[in-house]
Every structure is written in C-alpha cells, then in structure tokens.
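What follows is a set of notes on a single structure, which appears directly below.
Keep in mind that the numbers below use all heavy atoms, side chains included, and drop hydrogens, waters and symmetry copies.
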Amino acid sequence: MAASKSSTPLLKDELDIVIPTIRNLDFLEMWRPFFQPYHLIIVQDGDPSKVIKVPDGFDYELYNRNDINKILGPKANCISFKDSACRCFGYMVSKKKYIFTIDDDCFVAKDPTGKEINALEQHIKNLLSPSTPFFFNTLYDPYRDGTDFVRGYPFSLREGVPTAVSHGLWLNIPDYDAPTQLVKPLERNTRYVDAVMTIPKGTLFPMCGMNLAFNRELIGPAMYFGLMGDGQPIGRYDDMWAGWCTKVICDHLGLGVKTGLPYIWHSKASNPFVNLKKEYKGIYWQEELIPFFQSLTLPKDCTTVQKCYIEISKQVKLKLGKVDDYFNKLADAMLKWIEAWDELNPSGASTGVPNGPAK
C-alpha cells in the first residue's frame, strides 16, 4: 500500500478532509497510509451526546450539532440535521484551499492490476491540472501523461481554465436512486474506466458527495448541500443541489469540473425503501429543477461566487417557489449560508475569479 503513496504528500498543508458521520470511524484504518498526513474535519450528525471514536494518530477536529449551533447562532438552521448534507458545515469552517470529502462507508479500491488506489492523490492531480469546458477533447483529459490535444483542437483554448471540482466514481455499489435500486438490487459496478474528462460548458451532471474534491477558494460558497433530512420534505438531493448550482456558476465564471478517476470502493447500499421515502418528492421535482438550471443565466456583474449564489437564490424563490413552498425556505437558507460563510471567511477575496465571467 505504501508504494502507491507519494513520499511527500501533495498539498499536505493546503487540504482538509471532511467526513460526515453518525458512527465510529474505524474505516479510517484502511485509509491511514493516504489520509494520516492530512487534517480531518469530522461533522457528527444526529445525537450530539454520542461519543464518536476516531482511530489514534489522526489530526482532526470534530463538530457536533451543539458546536454548529454555537458557532452559527441563528443561522445554524441552514445546516441540515439527520442528513449527510451537514458535511457542508465542514467546508465553511475549513481554512484550507482545497477540500476532499468522503463517506464513512467508502473504502480503498483497487485498480485492475490489483494496486490500491490513492483516491486523494488522484483528486489533487485533477484539481491541479486545467479543465477544457469549452471544447471537448476526444482523448479525454489532454493534460494527463501520455496524451495531448487532438488534431483540430483550437490552440487558443489549449491553456484551459482552472479546475474547481473533481468528481470521483465508485466500484461495487453504484450511486443509484431508489427506483433503480429496487429493480436492480444485485447490480454491482465492476467496470473500471481509466479516464478523466471535463464536463462541457452548458451541461449539468448529477454530483455525488461521497467521493468529491474541490478548490474551496474558487467555488467553496456554492458548495451548499441545501436543506435536507429532519423537518424537510426531501433527502438525498443535497449533493445534487450543490452540483447543479456549482456547475452553473463554474460555467459563468469560466471554471472547470472534472469527472472520472479516482474510484473508491462503496461498501454498502442504503435501504431502497428508506431512500424512496426520502427521494420521492425529489424524483418528482427534478423534472422542474433540471430545466430551471438549464435555462438559468447569471448577469455579468455577478463576478464572485457569492454574488452568483445570491442571484440563484433569488431565481429559486421567483421560479421554484410556485412548485412548492419548500423552495422558498431553501432560497432563504441559501442566503443564510452565504452570510454565515462570509462571517467565518471575512476576506472574501479568495472567492472571486481574477478575469471575471468568461461570457
């Protein structure tokens, strides 16, 4: 295992690992060779009186619901309760440039040669290389060793743009919705595709939060995982919501989103009947949500992530409030999230893009 780890960990002092959990973090033992050099932010969901055990030797800080209420005060209700969406609190309190987030049922995967995959290292490579959202390269990521831009690729676009998001995938249990889980209960993903690609500008995607990394300085304020779980009519759409908002903002600001490698081993499927209850309204609403995000345009004066996000919240209230009153509450929570973000991260300078919108 140690052979696949760099002698000097990449971005050791510039990256936090955020983990939402309700249980002891024994899974970290498997990740120790890869995660131990890094700082962990653990967001404990559910009962704050429960003691969560973390294996010895890890550098971490742990926040429970009492901590969230104390730190955010009246704005604490923008952070979901009894849902993995609480993880975004970790993004807010981090002081690092990069974030990697992983679920506690995600284990180290092996590539087709049997070598253990250092998922964090691959995410970092994705984030440190440019993206190509404006023109698709048929050999996928042209910045990877052993490949380049193909014939006919405009030279003016070959410099690429900064990568804001690296979206990883999963072996074993795929990230399926409840209806698909119900009709394919035994399906497992054994297909390892050795590729990374930039998602083109203008194309949305379903973002999964269990194996995800992003440049917090470039896109952090957009990584709000919404109002989900306890007291809300919907769950399991937290990462989807963040992904749609983030992609629209990345497209507007001229930033890139990559998907593909790295793979993790997703060890257990959640209960499809429980999931269906959480997802039911989302499955219905997404038929309105996708066209909303596809047609969403941001004004040229939205030159920071915060300005873009505030504009999206206004549009949510204006256009989605009539779908269900939940979206009015969500729009208000989006504004609280940005206010809380700016209070905890007062400089603000880190979330603008030097060249402004690419439009």
Side-chain angles (χ1 to χ4, degrees), residues 78 85 88 131-136 157 161-165 167 175 177 197-209 212 214 218-228 232-259 279-338 351-353 355-359:
C78 75
C88 62
S131 290
T132 53
F134 307 124
F135 203 84
F136 190 79
L157 295 177
V161 300
T163 299
V165 180
H167 178 257
D175 186 32
D177 53 36
M197 67 181 78
T198 297
I199 301 173
K201 182 180 180 181
T203 301
L204 295 172
F205 76 111
M207 188 175 84
C208 174
L212 179 74
F214 59 93
L218 285 181
I219 203 65
M223 280 287 178
Y224 175 47
F225 277 46
L227 282 180
M228 303 280 154
Q232 306 303 333
I234 184 175
R236 285 173 57 81
Y237 272 82
D238 50 332
D239 42 9
M240 299 291 142
W241 183 262
W244 296 329
C245 292
T246 294
K247 186 59 167 62
V248 167
I249 293 173
C250 283
D251 286 351
H252 176 72
L253 294 177
L255 300 170
V257 176
K258 291 189 176 188
T259 188
E279 290 175 0
Y280 172 74
K281 286 187 179 292
I283 291 168
Y284 176 64
W285 287 340
Q286 71 187 15
E287 304 307 320
E288 304 252 11
L289 295 176
I290 302 302
F292 165 78
F293 281 104
Q294 285 174 328
S295 62
L296 188 61
T297 55
L298 297 169
K300 286 188 176 180
D301 62 355
C302 288
T303 54
T304 66
V305 176
Q306 284 95 328
K307 286 179 181 177
C308 291
Y309 203 73
I310 290 166
E311 177 61 28
I312 292 177
S313 74
K314 290 177 186 173
Q315 295 295 325
V316 167
K317 186 164 273 196
L318 184 68
K319 295 178 181 174
L320 295 179
K322 59 192 175 193
V323 173
D324 192 275
D325 188 51
Y326 163 76
F327 291 101
N328 290 318
K329 289 196 293 181
L330 177 56
D332 291 339
M334 292 167 74
L335 292 178
K336 277 188 188 176
W337 159 264
I338 290 295
T351 49
V353 176
N355 299 322
K359 291 189 171 184

Pairwise side-chain contact, [X] with [Y], heavy-atom cut-off 4.5 Å (strictly under):
X    : Y    : result
I234 : W285 : yes
I310 : I338 : yes
F327 : L289 : yes
V165 : M223 : yes
Y237 : K281 : no
I312 : I249 : yes

Taking all atoms of both residues into account, what is the closest heavy-atom pair of [X] and [Y], and its distance?
X    : Y    : answer
C302 : H252 : O-NE2, 2.9 Å
F205 : G243 : CE2-O, 4.3 Å
L227 : C78  : CD2-O, 3.9 Å
F292 : Q315 : CE1-O, 3.6 Å
T163 : S131 : OG1-OG, 2.6 Å
T246 : A222 : OG1-O, 3.4 Å

>> Tell me which one of Y326, Y309, F293 satisfies ring pair (Phe, Tyr, Trp, His ring centres under 6.0 Å) with W241.
In response: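 It is F293; the other options fail the test.
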
Atom pair [atom1] ([X]) and [atom2] ([Y]), whose distance is rounded to the nearest 0.5 Å:
X    : Y    : atom1 : atom2 : value
C208 : D238 : SG    : CG    : 9.0 Å
E311 : S313 : CD    : OG    : 8.0 Å
D332 : K317 : CG    : NZ    : 3.5 Å
F214 : I219 : CZ    : CD1   : 9.5 Å
R236 : E279 : CZ    : CD    : 4.0 Å

> Hey, does the side chain of T203 reach the backbone of I199 with a donor-acceptor pair shorter than 3.5 angstrom?
Replying inline: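 Not a single qualifying donor-acceptor pair exists.
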
>> Could you check whether any side-chain N or O of W337 sits under 3.5 Å from a backbone N or O of P221, counting only pairs where one atom can act as donor and the other as acceptor?
In response: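 Checking the backbone N and O of P221 against the side chain of W337, a donor-acceptor pair under 3.5 Å is found.
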
> Going by an N to O cut-off under 4.0 Å, is there a salt bridge joining D251 and K247?
Replying inline: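 Yes, D251 and K247 are salt-bridged.
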
> Has Q294 got more than 12 heavy atoms of other residues, nucleotides or ligands less than 6.0 Å from its CD?
Replying inline: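 More than 12 within 6.0 Å, yes.
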
